[in-house]
Student: 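Handing you a structure now.
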Amino acid sequence: MFPQSELVIETGKLVHNWKFFRRFQPNSQIVPVLKSDAYGHGLPQAALALEKAGADPLAVFNLGEAEVLRQSGLRASIWVLEGILPCDLAAAAHLQITMACWSFEQAEALAACARREKCHCKIHLKIDTGMSRLGFLPGQIPEILNVLQSVPELELTGCFSHLAVSAEAQHPLTLQQLQNFRQAVSLLPDSCSERHLCATNGILNQLAPELPFARLGIGLYGYSDEPGFASQLQPAMTFRSRILSVKELPEGSLVSYSGLYQLPEAGRLAVIPVGYADGYPRLLSNRVEVLIRGKRVPVRGRICMGMLMADAASLPDLQPGEEVVLLGRQGDECISAAELADKAGTIAHEILCNLGKHPNRRIGD
Ligand SMILES: *Cc1c(COP(=O)(O)O)cnc(C)c1O
């Protein structure tokens, strides 16, 4: 039985996008960022497709995600960017991950656990170069090196930071963060060689192409803040449904909750069984379009929990069961997550994560 609505993921497109980004930093490893269920695309499936294409290492946020990857048979290195709580150190050692180390308290607690349980772990120092999230301030580097020197169980193999405004190469904060990162790196031993700073926009803007690694998140899924590259990226997520009912209405009819939209003349609406419970933002009410028969048609009135109405006045003989695309391509037309994000006042990342939780997700090549 075909579900009324389904979310379709094509992992081959993730591989295409990963290869595309390698061109910008040909001397670096491009590390896929697969946090949050691979931005809604399916963590194990995305990881295995990328590993098969040669990606190694892969990055996730937490230990639960690393465990899913190992249970799926992933052999590549796994970086846990959010780091771990010290109580999980034995599990982390068992999963053979590399994890972020981001404060003195965490480092000392990890060290105590590592000594007690005799487990060996690789760590990357997280440096706070200006985002005020996790990490050591550059001035704290000598002191943390001192702490780590006495703990051979914690092997310092790398360091990283994250940019706050990477879409703007010349932004003062970007320049400051680049400078802070270089300063911190100059204090670290050569053995701390797995250095990484850039995410998608930083890679495209070639902010630090000399570093051996960069972390690719949103670009992997087919999006970036650089509009010039949109045509060369392949969004991997499609969300589609089928028309439930087609309805003729008289002039002046009020549509959906609160009657936000009134038909200016007699018209035809297509009722589509998709709503905000599907992860499709209610904020798109009255301001978004969907694709039917390869044409853009506007959504009218409030988006409900499980239904929305599209204006089908321009589509004669429309039948229940015809395909509706809410995200992705139909014929020559395409609706991107960037477009939905723009209209909903958010970013493509959030659109993908929310739609990605859809119960009828079908992941293929
Ligand atoms: C999410 C995240 C990324 C990926 O960022 P994109 O902008 O999606 O490429 C990279 N590094 C860290 C630390 C992150 O949290």
Side-chain angles (χ1 to χ4, degrees), residues 13-14 17-22 24-25 28-41 43 46-47 50 55 57-63 65-66 78-84 97-103 123-136 158-169 171 173-174 177-178 180-181 184 194-209 211-227 229-230 233-237 336-338 341 346-354 356:
K13 296 193 167 168
L14 306 181
N17 296 326
W18 177 70
K19 289 182 175 164
F20 173 77
F21 277 89
R22 288 202 298 181
F24 292 85
Q25 248 177 270
S28 314
Q29 300 271 72
I30 301 295
V31 182
V33 176
L34 304 174
K35 66 189 179 202
S36 308
D37 202 22
Y39 292 37
H41 291 67
L43 174 61
L50 288 157
L58 305 172
V60 292
F61 252 22
N62 57 50
L63 215 50
E65 295 167 332
I78 301 174
W79 291 354
V80 174
L81 298 176
E82 230 171 36
I84 66 164
I97 56 142
T98 298
M99 64 204 178
C101 172
W102 32 254
S103 77
I123 59 172
H124 283 183
L125 273 196
K126 179 83 197 263
I127 301 163
D128 179 0
T129 55
M131 176 118 171
S132 306
R133 204 163 61 171
L134 295 174
F136 295 95
C159 66
F160 71 112
S161 189
H162 194 50
L163 298 171
V165 274
S166 54
E168 291 178 57
H171 192 287
L173 182 53
T174 302
Q177 287 196 272
L178 284 164
N180 288 349
F181 192 69
E194 293 170 341
R195 300 169 181 179
H196 44 113
L197 175 64
C198 291
T200 299
N201 292 322
I203 298 171
L204 288 176
N205 286 321
Q206 300 188 293
L207 294 181
L211 295 176
F213 297 89
R215 305 179 303 268
L216 181 65
I218 193 71
L220 187 64
Y221 308 99
Y223 295 97
S224 85
D225 284 344
E226 305 293 324
F229 296 107
L233 294 174
Q234 297 184 356
M237 182 185 287
S336 74
T346 182
I347 53 176
H349 305 60
E350 189 181 356
I351 299 285
L352 298 177
C353 287
N354 286 340

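As the structure lists them, so they are numbered: ligands from 1, and atoms in each ligand from 1.
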Student: Could you list which atoms of ligand 1 come closer than 4.0 Å to a heavy atom of Ile218?
Tutor: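 Result: 6 (P), 8 (O), 9 (O).
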Student: By number and element, which atoms of ligand 1 are closer than 4.0 Å to a non-hydrogen atom of Lys35?
Tutor: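 Taking each heavy atom of Lys35 in turn, ligand 1 has 1 (C), 2 (C), 3 (C), 14 (C), 15 (O) under 4.0 Å.
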Student: Does Arg133 come within less than 4.0 angstrom of ligand 1, counting non-hydrogen atoms of the residue?
Tutor: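 Yes, that is the case, since the closest heavy atom of the residue is under 4.0 Å from the ligand.
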Student: Nearest heavy-atom pair of Ile97 and Val80: which atoms, and what distance?
Tutor: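 In terms of heavy atoms, the two residues are closest at CD1-CG2, 3.5 Å.
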Student: May I ask you to decide if Gly219's main-chain N or O and Ser224's side chain share a donor-acceptor pair within less than 3.5 Å?
Tutor: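 Between the backbone of Gly219 and the side chain of Ser224 there is no qualifying donor-acceptor contact (under 3.5 Å).
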Student: Just need the protein heavy atom nearest to atom 10 (C) of ligand 1, so name the residue and atom and give the distance.
Tutor: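 The closest heavy atom on the protein side is Arg215 NE, 3.4 Å.
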Student: Give the atoms of ligand 1, by number and element, whose distance to some non-hydrogen atom of Tyr39 is under 4.0 Å.
Tutor: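 In order of number, 1 (C), 4 (C), 5 (O), 6 (P), 8 (O).
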Student: Among all protein heavy atoms, pick out the one at the shortest distance from atom 7 (O) of ligand 1; state its residue, atom name and that distance to 0.1 Å.
Tutor: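 Looking at atom 7 (O) of ligand 1, the protein heavy atom closest to it is His349 NE2, 3.7 Å.
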Student: Between Trp79 and Phe213, is the ring centroid distance below 6.0 Å?
Tutor: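 Yes, close enough.
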Student: Assess the residue pair Tyr223 and Tyr39 against the criterion (ring pair (Phe, Tyr, Trp, His ring centres under 6.0 Å)); give the C-alpha distance rounded to whole Å, side-chain angles, the decisive distance to 0.1 Å, and a yes or no.
Tutor: CA-CA 12 Å; Tyr223 295 97; Tyr39 292 37; over 10 Å; no
Student: Using every non-hydrogen atom in the two residues, find where Arg133 and Asp128 come nearest and quote the distance to one decimal.
Tutor: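 For Arg133 versus Asp128, the nearest heavy atoms are N-OD2, 3.9 Å.
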Student: For ligand 1, which is the ligand I care about here, please tell me if Gly217 has any N or O atom under 3.5 Å from one of the ligand's N or O atoms.
Tutor: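 Yes: some nitrogen or oxygen of Gly217 is under 3.5 Å from one in ligand 1.
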Student: Which atoms of ligand 1 are found less than 4.0 Å from any heavy atom of Thr200?
Tutor: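 Taking each heavy atom of Thr200 in turn, ligand 1 has 6 (P), 9 (O) under 4.0 Å.
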Student: Run the numbers for me: atoms of ligand 1, each under 4.0 Å from some heavy atom of Phe61, listed by number.
Tutor: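 Taking each heavy atom of Phe61 in turn, ligand 1 has 15 (O) under 4.0 Å.
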Student: Which pair of non-hydrogen atoms, one from Ala208 and one from Leu178, has the smallest distance, and what is that distance?
Tutor: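 Closest approach of Ala208 to Leu178, heavy atoms only: CB-CD2, 4.4 Å.
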Student: Evaluate the criterion side chain to side chain contact (heavy atoms under 4.5 Å, CB included) for residue pair Leu14 and Tyr221; output intermediate values, then yes/no.
Tutor: CA-CA 6 Å; Leu14 306 181; Tyr221 308 99; 3.6 Å; yes
Student: Could you identify the single nearest non-hydrogen protein atom to atom 5 (O) of ligand 1 and state the distance to 0.1 Å?
Tutor: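 Minimum-distance protein heavy atom for atom 5 (O) of ligand 1 reads Ala199 CB, 3.5 Å.
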